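Everything quoted here is computed from the prediction, not taken from an experiment. Residue indices begin at 1 and follow the sequence shown. Heavy atoms only: backbone and side chains are in, while hydrogens, waters and symmetry mates are out.
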Amino acid sequence: VQPVESGGGLVQPGGFLRLSCVASRSISIIQIMSWYRQAPGKQRELVATITSGGRTTYADSVKVRFTISRDIAKNTVYLQMNSLQPEDTAVYSCRAGLFSWGRGTQVTVSS
């Protein structure tokens, strides 16, 4: 069963959003959970990852502004996005492990 994302929406530049990704199984045994994004006309981009051991990585474009975290009890991974800019506008998708993708949630940053 695919993970389910939520939390997207319309926000003004400089604003913030928190995305959630609920997995269908315990994330403590999923080797890696990832957030991707794809803007219109652009290739999908890896935004952030968190491993089963809690190690995190970020794309350079979001490193200072975004934070990936998790709540193992809720099987949920979060993406806290601060200081959002128009170039962050995209569909954000969650990937559980290597093969399980969510449908995505739209994030639009506009005044």
Contacts satisfying side chain to side chain donor-acceptor pair (under 3.5 Å) that involve residues 92-101 (not counting sequence neighbours) are Tyr36-Arg95, Arg37-Tyr92
From CA spacing to verdict: side-chain contact (heavy atoms from CB on, under 4.5 Å), Glu5, Leu19 = CA-CA 7 Å; Glu5 305 96 334; Leu19 306 183; over 6 Å; no
Okay, side chain of Gln38, backbone of Ala90: is any donor-acceptor separation there less than 3.5 Å?
-> no
Only counting residues at least two apart or in another chain, list the ones meeting ring-ring contact (aromatic ring centres under 6.0 Å, His included) with Tyr78.
-> none
Got a donor-acceptor contact below 3.5 angstrom from the Thr89 side chain to the Glu87 backbone?
-> no
Not counting sequence neighbours, which residues clear salt bridge (charged side-chain N to carboxylate O under 4.0 Å, His left out) with Lys63? List them please.
-> Asp60
Going by the side chain to side chain donor-acceptor pair (under 3.5 Å) test, which pairs reach into residues 47-57, not counting sequence neighbours?
-> Thr49-Thr57
Who else is in Phe99's hydrophobic cluster (ILVMFWY, side-chain heavy atoms under 4.5 Å, direct or via others)?
-> Leu98
If you take all heavy atoms of Ile68 and Met33, which pair is closest and at what distance?
-> CD1-O, 4.1 Å
What residue pairs, at least two apart or across chains, pass ring-ring contact (aromatic ring centres under 6.0 Å, His included) with a residue in residues 11-31?
-> none
Could you tell me whether Glu45 atom CD has more than 12 heavy atoms of other residues or ligands within 6.0 Å of it?
-> yes
Got Thr105 and Val91 here, is their nearest side-chain heavy-atom distance under 4.5 Å?
-> no
For residues Cys21 and Trp35, report the shortest heavy-atom separation together with the two atoms involved.
-> CB-CZ2, 3.5 Å
Partner set under side chain to side chain contact (heavy atoms under 4.5 Å, CB included) for Thr67, not counting sequence neighbours = Tyr58, Gln80
If a pair satisfies salt bridge (Lys or Arg N to Asp or Glu O under 4.0 Å) and one of its residues is in residues 19-34, list it, with sequence neighbours excluded.
-> none
For Ser110, the side chain to side chain contact (heavy atoms under 4.5 Å, CB included) test, sequence neighbours excluded, returns Leu10, Thr108
Could you pull out all residues at least two apart from Ser26 that satisfy side chain to side chain contact (heavy atoms under 4.5 Å, CB included)?
-> Ser28, Ile29, Asn75
Single-linkage hydrophobic cluster, 4.5 Å side-chain cutoff, Ile32 and Ile30 together | no
Please report the closest heavy-atom contact between Leu79 and Ala48, naming both atoms and the distance.
-> CD1-CB, 4.1 Å
Scanning both residues in full, the closest heavy-atom pair of Ile27 with Val77 reads CD1-CG2, 4.0 Å
With Arg65, which residues qualify under salt bridge (charged side-chain N to carboxylate O under 4.0 Å, His left out), at least two apart?
-> Asp88
Verdict with supporting geometry, Leu46 and Ser34, side-chain contact (heavy atoms from CB on, under 4.5 Å) | CA-CA 7 Å; Leu46 177 61; Ser34 309; 4.0 Å; yes
Among Ile, Leu, Val, Met, Phe, Trp and Tyr joined by side-chain contacts under 4.5 Å, find the other residues sharing a cluster with Val22 and list them by chain and number.
-> none
